[in-house]
2 protein chains.
Amino acid sequence: MAYKTDIEIAREANKKPIQEIGKKLGISEKDLVPYGHDKAKISAEFIEQSKKNKSGKLILVTAINPTPAGEGKTTTTVGLGDGLNRIGKNAMICIREASLGPCFGMKGGAAGGGMAQVVPMEDMNLHFTGDFHAITSAHNLLSAMIDNHIYWGNELEIDQRRVTWKRVMDMNDRALRDIVTSLGGVPNGFPRQAGFDITVASEVMAILCLALDLQDLEKRLGDIIVAYRRDRTPVYCRDIKADGAMTVLLKDAMQPNLVQTLENNAAFVHGGPFANIAHGCNSVVATKTALKLTDYVVTEAGFGADLGAEKFMNIKCRKADLAPSVVVLVATVRAMKMNGGVAKADLGTENVAAVRDGCPNLGRHIENLKSFGVPVVVAINHFVTDTDAEVDAIKEFVAAQGSEAILSKHWEFGSEGSADLATRVAEIADADMANFAPIYPDDMRLMEKIETIAKRIYRADEVLADKKIRSQLKDWEEQGYGDLPVCMAKTQYSFSTDPNLRGAPTGHSLPIREVRLSAGAGFIVVVCGEIMTMPGLPRVPSSEAICLNADNQIDGLF
Amino acid sequence: MAYKTDIEIAREANKKPIQEIGKKLGISEKDLVPYGHDKAKISAEFIEQSKKNKSGKLILVTAINPTPAGEGKTTTTVGLGDGLNRIGKNAMICIREASLGPCFGMKGGAAGGGMAQVVPMEDMNLHFTGDFHAITSAHNLLSAMIDNHIYWGNELEIDQRRVTWKRVMDMNDRALRDIVTSLGGVPNGFPRQAGFDITVASEVMAILCLALDLQDLEKRLGDIIVAYRRDRTPVYCRDIKADGAMTVLLKDAMQPNLVQTLENNAAFVHGGPFANIAHGCNSVVATKTALKLTDYVVTEAGFGADLGAEKFMNIKCRKADLAPSVVVLVATVRAMKMNGGVAKADLGTENVAAVRDGCPNLGRHIENLKSFGVPVVVAINHFVTDTDAEVDAIKEFVAAQGSEAILSKHWEFGSEGSADLATRVAEIADADMANFAPIYPDDMRLMEKIETIAKRIYRADEVLADKKIRSQLKDWEEQGYGDLPVCMAKTQYSFSTDPNLRGAPTGHSLPIREVRLSAGAGFIVVVCGEIMTMPGLPRVPSSEAICLNADNQIDGLF
């Protein structure tokens with residue numbers, strides 16, 4: 001049987017006017033700010049009013065460590081949301097927005113797949129409602145104002161070697177990683193080393209996704225450290241007087257975007273911070289608003305549970321006063337086989353032993369997630385080549401861990417395929433079994449916070465950090481940043497810092513290469529290994545194949 | 001009497017839902033793609049269908065050479081449009097979109113002023129419907145793909161010293177004018193000199209504004225020359241395979257944006273190419289569509305008539321098969337006084353002699369405009385400090401030229417103040433007196449085209465161009481670019497290349513510094529003097545004062 005491609009399915013979607021989707025959430029046409037006929041933002045006034053409603057249950061979808069086989073975390077999030085609606089529950093989903101960079105590189109859409117997609121898929125993978133462009137503009141306005149301040153006399157005495165605020169572009173452009181600016185003589189300023197990150201790596205993105213409202217946004221933007229003086233005292237965005245104009249540029253971007261699933265259920269798609277140097281989840285405003293509008297909110301976090309769920313719990317939930325009622329851990333037969341040592345080319349062949357060999361990765365994540373005090377359900381995201389014996393192997397393994405694995409066929413059948421999963425997830429959520437708490441308190445020392453994650457989540461024996469890093473952390477504690485959470489930046493492919501170490505490794509070390517203070521976002525980034533904040537394009541970028549077809553439809557997005 | 005500021009007036013506007021504005025133009029809700037409640041794009045399908053309608057009359061608003069006193073070209077365009085509607089005509093206006101760069105620098109809005117404004121003013125000066133962001137993305141995707149092509153082996157044999165395609169940002173950022181990219185070793189590519197222009201200077205902007213439809217857009221994008229090989233043969237955007245994806249990124253940006261005036265009359269605000277290195281008018285698609293929807297379309301061109309109107313006639317009208325029925329030349333008493341030698345601080349004092357001394361600049365523009373075969377009306381854009389004697393001095397001067405000057409008080413009174421102007425303009429348009437033709441034919445030699453403009457419009461005695469420039473023009477003629485129009489880039493403050501030479505100078509020379517081929521846009525840029533394609537911010541940029549007030553309204557835009 002030949003399956004349709006994601007874009008073919010998306011094009012055939014029977015979309016309802018976005019006003020109808022809004023109406024189901026109780027949003028009047030006045031409070032729904034349309035962007036075309038199938039996208040809208042929600043007014044700040046409506047969000048403010050909705051705060052008096054009682055909150056629904058929060059369901060987090062996370063996954064095992066990603067493999068090249070793909071796990072389908074967003075697909076499962078969409079499928080579960082549709083499944084909940086199918087069984088009569090009032091539910092919606094909250095996911096992240098896509099970046100243009102990967103879209104023109106090699107990664108396809110971030111809108112789910114198969115019969116579990118959010119639409120309009122093309123718009124979501126292109127400009128959408130312009131949020132990322134607004135973030136790019138706000139970020140670069142600050143950059144321009146810093147260099148302009150230096151140009152006109154540098155009253156703040158910025159050490160030009162210590163400007164930490166780079167520029168951003170929503171593009172995979174390796175040529176901009178490391179540049180020298182302000183060449184060309186007196187009218188162009190003082191030459192200095194600089195660079196661009198991709199927009200999703202901007203601290204402005206992280207701030208937008210953690211800010212509670214426009215006032216909080218402006219305060220956090222003002223708190224950004226942009227440079228240091230010769231005496232190492234920090235220069236803030238507020239000193240540059242950019243925080244007001246940046247807030248103005250981000251005014252609309254702060255409002256969550258409403259779209260719909262293929263089954264016409266509501267979805268907020270809002271924000272998209274990197275899951276390494278930032279916390280990797282959709283915006284707090286979207287999640288909190290969704291909880292006021294429906295009984296169940298399904299959301300997801302970036303990468304595997306060791307990075308994404310850990311940050312969701314320790315950063316987003318802590319800061320926004322959120323608590324998940326249940327966690328859905330996505331696994332696939334194919335990914336288990338890859339963890340069990342099978343090559344990608346051989347994934348189509350039944351191999352129950354390999355599935356079993358790969359399961360310890362899954363088991364480790366189950367254990368970790370339970371340590372946050374939340375019940376865990378494993379969703380086996382069904383691929384058409386999976387055999388019953390392989391699926392059963394996972395189910396048996398998970399049962400032996402004291403949890404439950406449920407096969408879900410939302411990719412192929414939409415909510416019909418995810419109804420079982422939805423039923424069980426709703427039961428657990430309704431049973432109020434969760435007793436959520438972050439795994440470290442605010443007032444723990446920064447180094448101890450890192451060690452807690454390294455030992456309890458990654459199962460490393462030790463954290464390696466030289467004196468410079470340890471004294472930097474101490475300095476920040478003295479400056480009043482000691483109560484911030486830590487944001488781990490390490491490879492997503494392993495519990496360890498070695499991307500090739502699959503399964504459930506132990507006995508490794510966690511070497512810290514660098515620590516960075518994101519004072520506006522409100523966390524300390526702990527960089528373990530190489531982290532790429534400006535990707536490059538592959539030899540044959542997917543942009544070469546993206547074009548309009550004879551009917552002016554977009555081809556080449558996938 | 002204290003007057004309200006533009007933003008105060010704009011905030012109090014009694015806006016109608018954009019669907020109502022569209023309905024008056026015959027646009028159904030399906031064909032109106034809303035961006036919020038007060039902005040919309042028009043569907044490509046509707047535009048295609050409207051082509052069968054008969055065309056209305058085109059009215060161009062242009063001005064004398066700009067002075068620091070301000071002329072109010074956009075204000076007059078809006079006022080005239082409202083005036084035509086007031087006297088019972090079916091009319092709309094077409095103007096350009098604003099750039100974020102100047103908005104955060106020192107220049108205020110581009111949406112008119114006083115009682116003659118287009119709203120929503122704040123949105124129009126910020127992200128609006130995202131067109132400029134789309135242009136920035138499309139431009140920079142090509143940039144990234146060029147460096148990526150070189151990185152992966154440079155199969156096209158691009159001479160890295162001769163990459164002519166820069167990057168763009170919609171920001172005043174002098175630090176990016178002249179940079180070195182791809183530093184940092186092997187993974188970041190081959191270091192080379194590069195730079196950023198402001199987005200409005202992008203050839204993509206010029207192309208979007210001249211393209212007839214998406215197919216023409218894609219073809220023109222493909223025609224862009226991005227670099228040269230060692231043997232000086234050109235490398236095209238098409239060779240880089242970026243034209244398809246760029247078209248996809250520009251799909252929505254190609255559709256005109258509908259907004260309204262303070263008096264609820266329709267306005268297309270679409271595109272905004274530089275008026276020096278590009279042609280400086282709103283999009284062809286917007287103008288042509290507007291002509292199919294109303295009986296009168298009022299539009300404007302950048303800078304003074306020597307640059308803006310010349311390019312409007314010789315480039316836009318020629319390429320898009322448009323012909324203006326009448327030209328409105330905007331002048332002010334204050335600007336005449338500045339041309340007559342009065343300092344800005346003394347403009348508030350009556351000085352009839354200075355007005356008379358300044359009038360030759362106006363007279364020269366009248367003569368020039370008539371040479372295109374179109375009737376000319378002078379609009380005296382009234383300032384509250386103007387005296388009757390000063391106004392009469394202009395009227396007498398214009399009458400002596402065989403034309404007519406009409407006082408218009410739209411800034412203060414809206415359409416009530418511009419009804420006289422509108423009445424006369426409509427009469428002239430209805431009389432079909434125009435016999436429009438560009439002032440040079442396609443098949444004239446490129447150098448001769450330049451000389452024609454220099455002598456007939458600027459009244460220069462001679463064109464100075466060294467051998468290198470002359471042979472470059474010949475080479476382009478041999479390569480098949482000889483039938484392109486020329487796009488003059490010179491100071492807007494004078495008929496000459498000396499910005500301080502006001503009035504109606506003669507006997508000067510026009511030195512050509514450089515010629516550039518914009519093969520996608522379809523013109524040869526002739527650079528006379530320094531042209532800044534990436535502005536800088538002033539010592540105290542206006543962004544320092546832009547912020548949200550306690551009611552979350554935007555303060556500091558003006």
Side-chain angles (χ1 to χ4, degrees), chain A residues 33-37 44 100 104 126-127 130 133-134 136-137 140-141 143-145 147-148 151-152 167 169-184 187-189 193-194 214 218 241-242 244-245 247-249 251-252 536-537 539 541 543-548 552 554 556, chain B residues 33-37 44 100 104 126-127 130 133-134 136-137 140-141 143-145 147-148 151-152 167 169-184 187-189 193-194 214 218 241-242 244-245 247-249 251-252 536-537 539 541 543-548 552 554 556:
Chain A
V33 186
Y35 283 67
H37 301 293
L100 272 176
F104 291 121
L126 293 169
H127 307 293
H133 292 317
T136 304
S137 290
N140 291 335
L141 174 63
S143 312
M145 288 177 76
D147 277 310
N148 191 57
Y151 177 85
W152 286 105
R167 287 173 174 81
M169 191 184 277
D170 196 14
M171 191 66 66
N172 285 11
D173 191 348
R174 67 172 67 74
L176 294 178
R177 283 175 193 154
D178 198 344
I179 66 176
V180 172
T181 57
S182 301
L183 295 168
N188 296 353
Q193 276 195 282
L214 287 168
E218 182 162 21
K241 298 180 187 152
T247 306
V248 166
L249 280 169
K251 185 174 187 272
D252 296 337
L537 291 169
R539 183 183 288 270
S543 51
E544 289 189 5
I546 294 173
C547 61
L548 293 182
N552 282 346
I554 298 167
Chain B
V33 186
Y35 282 68
H37 301 293
L100 271 178
F104 291 122
L126 293 169
H127 307 293
H133 291 317
T136 304
S137 290
N140 290 335
L141 174 63
S143 312
M145 288 177 77
D147 277 311
N148 191 57
Y151 178 86
W152 286 106
R167 287 174 173 81
M169 191 184 278
D170 196 13
M171 191 66 66
N172 285 12
D173 192 348
R174 67 171 68 75
L176 294 178
R177 283 174 192 155
D178 198 346
I179 65 175
V180 171
T181 57
S182 300
L183 295 168
N188 297 353
Q193 277 195 280
L214 286 168
E218 183 162 22
K241 297 179 189 154
T247 306
V248 166
L249 279 169
K251 184 173 188 274
D252 295 336
L537 291 170
R539 184 183 286 269
S543 49
E544 289 190 5
I546 294 172
C547 62
L548 293 182
N552 282 346
I554 298 167

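Values reported hereafter were calculated over all heavy atoms of this structure, with side chains retained and with hydrogens, waters and symmetry mates removed. Protein chains get the first letters and strands the later ones, always in sequence-line order, with residue 1 at the start of each.
With a 4.5 Å cut-off on non-hydrogen atoms, Asp147(A) touches chain B through its side chain but not through its backbone. Interface residue Leu126(A): only side-chain heavy atoms are found under 4.5 Å from chain B. Proximity to chain A (any heavy atom under 4.5 Å) is restricted, for Asn172(B), to the backbone atoms N, CA, C and O. Residue contact with chain B, scored on non-hydrogen atoms closer than 4.5 Å, involves the backbone and the side chain of Ala134(A) alike. Heavy-atom distances place both the backbone and the side chain of Leu141(B) under 4.5 Å from chain A.
A pairwise comparison of heavy atoms in Ser543(A) and Ala245(B) identifies O-CB, 3.4 Å as the closest pair.
Taking NE2 of His133(B) as the reference point, atom NE2 of His133(A) lies at 6.5 Å (rounded to 0.5 Å). Note: Met169(A) CE to Arg167(B) CZ = 6.5 Å, rounded to the nearest 0.5 Å.
No other option in Leu214(A), Asp170(A), Asp252(A) has as many heavy-atom pairs under 4.5 Å with chain B as Leu214(A). With chain B as partner, the option from Ala242(A), Ser137(A), Gly189(A) having the largest number of non-hydrogen pairs under 4.5 angstrom is Ser137(A). Counting heavy-atom pairs closer than 4.5 Å to chain A, the top-ranked of the candidates Val248(B), Val33(B), Asp173(B), Asn148(B) is Asn148(B). With chain A as partner, the option from Leu183(B), Thr247(B), Ile554(B), Leu176(B) having the largest number of non-hydrogen pairs under 4.5 angstrom is Leu183(B). Most heavy-atom pairs under 4.5 Å with chain B: of the set Gly184(A), Gly36(A), Gly130(A), this distinction falls to Gly36(A). Ranked by heavy-atom pairs under 4.5 Å with chain A, the first of Thr181(B), Leu100(B), Thr136(B), Leu537(B) is Leu537(B). For the set Pro541(A), Gly536(A), Ala175(A), the entry with the most heavy-atom pairs within less than 4.5 Å of chain B is Ala175(A). Highest contact tally toward chain B, considering only Pro34(A), Ala144(A), Ala545(A), is held by Pro34(A) [criterion: heavy-atom pairs under 4.5 Å].
In this structure a side-chain-to-backbone donor-acceptor pair under 3.5 Å is present from His127(A) to Leu249(B). Between the side chain of Arg177(B) and the main chain of Pro187(A), a donor-acceptor pair closer than 3.5 Å is present.
For the residue pair Arg174(A) / Asn188(B), no side-chain donor-acceptor distance below 3.5 Å is found, with atom types taken as modelled.
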